[in-house]
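Labels below follow one simple rule: chain letters A, B, ... track the order of the sequence lines, proteins then strands, and each chain is numbered from 1.
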Amino acid sequence: MATEKIILAGFGGQGVMSAGQLLTYAGMLENKQVSWLPSYGPEMRGGAANCSVMVSDSPVGSPIITNDATSAIIMNLPSLDKFENDVAKDGILLVNSSLIERKVEREDVTVHYVPANEIANDLGNSRVANMVMLGAFLEATKAVETDSVLEAFKKVYGPRKEHLVPLNKEALERGAAAVRG
Amino acid sequence: MSVVFKKTEGLTEKQTHYCPGCTHGIIHRLVGEVLEELGVLGKAIGVAPVGCSVLAYNYFNCDMHEAAHGRAPAVATGVKRVLPDNVVFSYQGDGDLASIGTAEVIHAAHRGEKITTIFVNNAIYGMTGGQMAPTTLIGQKATTAPEGRKKELAGMPLKMSEMLSTIDGAVFVERVSVHNVANIRKAKKAIKKAFEVQIEGKGYGIVEVLSTCPTNWGLTAPEAMKWLEENMIPYYPLGNFRTPEEGK
Amino acid sequence: MAKVLMKGNEALAAAAIQAGCKYFFGYPITPQSELPEFMARELPKIGGMFVQAESEVAAINMIYGAAGTGARVLTSSSSPGLALKQEGITYIAGAELPCVIINISRGGPGLGGIQPSQADYFMSTRGGGNGDYRHPVYAPATLQEAVDLTMEAFNVADYYRTPVIVQGDGMIGQMMEPVEFNEPKKRDLPVKDWATTGTEGKRKPNIINSLFLDPQALEDHNWKLDRKYKEIEENETLHEMYKMDDAEIVFVSYGTTSRIVKNVVDTLREEGVKAGLIRPITLWPFPNKAFTEIPENAKAILTVEMSTGQMIDDVKIANEGRLPVHFYGRTGGMIPTPDDIIAKAKEILGGAK
């Protein structure tokens with residue numbers, strides 16, 4: 001692996017920031033070089049939310065992604081409109097098809113459509129849609145191990161949320177399955 | 001030979017720079033005596049203002065910290081929060097406390113900082129040469145109010161003690177004067193009480209002391225004492241506004 | 001010590017606590033609010049004190065008072081808040097008290113914006129307040145460096161009795177990276193026998209003061225401060241030389257912008273262009289000496305900043321007219337892209353390698 005440059009984007013409350021943090025933490029647990037850079041400001045209060053994550057074998061230079069993302073996790077339509085062209089050629093786009101009806105227009109990238117909200121609702125908790133997408137991403141890119149993400153979950157959320165690990169594990173697996181098809 | 005009078009240990013040997021007839025000297029002495037009598041001189045840290053008493057750090061015989069204009073209550077907050085067992089006071093004039101430093105004094109009171117403020121109100125900017133203060137009386141002449149203060153232009157004189165007494169954290173608020181012996185005695189009692197309130201950890205205490213400025217008022221020393229009594233006290237009534245008992 | 005993944009603002013706060021800081025006085029402002037929030041949560045646990053002041057002006061004056069007691073104290077803010085703090089900073093410099101101030105800067109002037117910016121260079125390095133004074137300014141590029149420099153800042157502040165600024169931009173404050181907390185290098189720190197802690201009747205009163213009404217006394221004081229600043233210039237200047245050995249185009253950049261420029265240097269070298277970077281780590285003192293080590297074959301200097309050009313003044317002073325000095329900047333929260341920087345570099349080199 002060279003450097004994974006990942007954009008995660010959606011609206012506030014979809015868990016894109018926390019999914020990005022878990023991915024970053026998981027990278028760190030695997031002794032990779034990582035960074036997490038959020039958008040911030042008034043738009044965070046319920047509007048758009050996005051972050052850039054770097055996972056690399058060599059030290060991270062700039063934590064900023066301009067138009068060279070290796071992949072993107074897109075949770076809603078405005079985010080697809082905004083970030084579709086920021087993924088580099090041959091990159092990977094993961095699109096939440098539960099909320100995004102249109103198809104990706106580019107033909108030089110690999111696209112996986114994942115009905116994340118439907119899968120999450122199926123699991124009984126709409127809030128794990130972000131983990132479904134993250135699972136899909138892991139399957140498509142192999143950026144980090146699924147177990148590392150679960151380990152990161154335990155570290156970030158502590159013992160009080162540990163009972164949610166099985167649910168999140170299942171969400172990751174269902175997302176991965178959606179990519180395998 | 002019996003000792004009739006002894007200078008307080010609370011003040012240094014340094015001769016003050018105050019004008020003849022100015023009451024800063026009396027107020028310094030009262031604060032020094034109180035610190036000595038309460039046995040807290042060795043624990044005291046004073047914060048000096050910007051104004052006529054800017055050099056107060058040379059006169060009080062305890063650790064002193066010179067603040068920026070109006071910020072003495074903030075500086076005193078910083079000192080007290082690190083050293084809660086020490087006795088911390090700010091000594092401020094009316095330009096310092098009632099104009100540029102209103103936010104700092106109000107919020108020190110608001111937080112209930114366990115500090116004591118000696119607020120010297122002589123209704124004028126002294127050190128800068130007699131400009132109008134928020135406390136200058138209506139009709140009183142100042143270099144920046146050459147025709148006398150007008151309500152239409154400058155509003156009514158600000159009553160800090162009344163204002164501060166509406167704040168829950170200000171547990172001791174009293175206005176006193178030092179224009180005669182009887183009032184000097186009352187002033188000392190109030191200053192002592194304000195320090196006791198701090199030492200007992202009850203909250204913020206402030207004593208507003210009506211003071212003279214013969215130089216900038218354009219009066220002789222005796223005339224200034226009389227002017228204070230006849231003009232300032234009717235507008236700034238003396239008395240206690242809050243005590244801890246009342247606050248209970 | 002194991003690495004932990006932390007948000008910049010929280011890592012800065014944790015570094016201060018590691019350095020023995022137990023007292024924080026501040027006022028909320030984006031994009032640094034996680035820092036005071038962290039302090040409000042953590043300081044009471046270690047017997048420390050967090051105070052939310054009524055304003056930045058009050059906060060820095062609380063710092064002035066608290067620093068006078070000899071305690072290690074911290075305040076943090078962002079650009080417009082730092083502008084307000086300048087009153088206290090000049091008093092603290094004048095009275096020679098140690099303290100650390102963190103500026104997570106944002107776009108200006110005025111209320112400006114909240115996105116990353118480096119437009120506070122002048123305010124931080126030229127003395128934003130009145131009078132003849134300077135103070136060290138650290139400009140970390142990574143969170144690890146931010147942690148290391150914050151811990152070092154407390155030692156430097158104590159050693160020289162000076163306020164020290166740690167200046168990051170919004171990116172440093174908001175991003176997450178793994179950090180570890182390592183002891184800074186040991187310094188022989190002087191005893192704080194000047195502190196106002198009460199005489200206890202055992203010594204003469206200590207007076208903390210920046211007022212010298214006698215002009216000769218004030219001049220003496222100012223030259224004394226100046227000698228101290230010369231000593232800081234001599235001993236505390238920090239910079240990084242990146243691929244400078246044979247550089248033909250010399251970039252100068254600091255903070256997060258330097259990370260973008262490092263990527264640019266690598267990309268240009270892949271294309272056969274000999275590029276290098278001088279990265280000031282202290283903005284004051286500025287690493288003038290680094291500019292005397294620029295190789296003979298260098299053709300030009302390109303300063304890259306998130307401002308309309310502030311550090312470039314220091315670059316020109318350090319360059320002493322030897323090489324042409326060019327500028328590329330974005331401002332207002334806009335971030336320079338590698339492609340635009342590369343284009344500018346190629347334009348300067350006339351399209352030739």
Side-chain angles (χ1 to χ4, degrees), chain A residues 2-3 5-6 8 16-45 47 49-56 58-69 85-86 88 144 148-149 151-158, chain C residues 2-9 11 30-34 78 104 106-107 112-116 141-145 169-180 242 253 255-267 277 279 304 306 330 333-342:
Chain A
T3 300
K5 302 179 176 184
I6 309 117
L8 297 94
V16 295
M17 303 308 236
S18 51
Q21 285 184 20
L22 289 174
L23 174 59
T24 311
Y25 208 112
M28 183 182 75
L29 291 176
E30 294 183 6
N31 288 317
K32 293 187 162 78
Q33 306 287 328
V34 295
S35 73
W36 175 89
L37 180 70
S39 64
Y40 61 90
E43 77 274 15
M44 292 277 297
R45 312 275 182 256
N50 68 80
C51 59
S52 308
V53 173
M54 304 281 182
V55 181
S56 178
S58 53
V60 176
S62 168
I64 305 158
I65 296 172
T66 43
N67 51 4
D68 55 349
N85 290 319
D86 287 347
V144 297
S148 303
V149 172
E151 196 56 33
F153 186 94
K154 288 182 208 163
K155 299 242 184 205
V156 172
Y157 295 104
Chain C
K3 285 193 174 182
V4 280
L5 185 68
M6 289 186 88
K7 198 169 190 179
N9 283 327
T30 306
Q32 62 84 54
S33 291
E34 295 87 355
S78 179
I104 300 299
R106 54 187 254 186
I114 58 169
Q115 298 304 320
T142 67
L143 292 201
Q144 185 59 54
E145 196 172 55
D169 52 55
M171 243 185 293
I172 286 284
Q174 294 296 323
M175 69 185 289
M176 287 179 111
E177 280 186 317
V179 294
E180 55 187 343
Y242 183 70
S253 191
T256 50
T257 311
S258 71
R259 298 176 65 153
I260 303 168
V261 173
K262 271 191 184 176
N263 287 8
V264 164
V265 167
D266 292 346
T267 307
L277 166 69
R279 176 171 77 91
V304 184
M306 287 194 285
R330 296 297 300 272
M334 297 303 290
I335 292 164
T337 66
D339 291 350
D340 291 341
I341 300 169
I342 288 167

Name the member of Gly61(A), Gly20(A), Ser35(A), Ala152(A) that forms the most heavy-atom pairs with chain C at distances under 4.5 Å. Gly61(A)
Stepwise side chain to side chain contact (heavy atoms under 4.5 Å, CB included) test for Met176(C) and Val34(A): CA-CA 8 Å; Met176(C) 287 179 111; Val34(A) 295; over 6 Å; no
Please classify the contact of [X] with chain C as side chain, backbone, both or neither, using a heavy-atom distance under 4.5 Å.
| X | result |
| --- | --- |
| Asp68(A) | neither |
| Val60(A) | both |
| Gln33(A) | neither |
| Thr24(A) | both |

Show your working on side chain to side chain contact (heavy atoms under 4.5 Å, CB included) between Leu5(C) and Lys155(A) and close with a plain yes or no. CA-CA 10 Å; Leu5(C) 185 68; Lys155(A) 299 242 184 205; over 6 Å; no
Rounded at 0.5 Å granularity, tell me how far [atom1] in [X] sits from [atom2] in [Y].
| X | Y | atom1 | atom2 | value |
| --- | --- | --- | --- | --- |
| Ile335(C) | Leu37(A) | CD1 | CG | 7.0 Å |
| Glu177(C) | Met28(A) | CD | CE | 11.5 Å |
| Ile65(A) | Thr337(C) | CD1 | OG1 | 14.0 Å |
| Trp36(A) | Met6(C) | CH2 | CE | 13.0 Å |
| Met175(C) | Met54(A) | CE | CE | 8.5 Å |

Please look at [X] and chain A and tell me whether the side chain, the backbone, both or neither of the residue comes under 4.5 angstrom of a heavy atom of that chain.
| X | result |
| --- | --- |
| Val4(C) | backbone |
| Pro116(C) | both |
| Asp266(C) | neither |

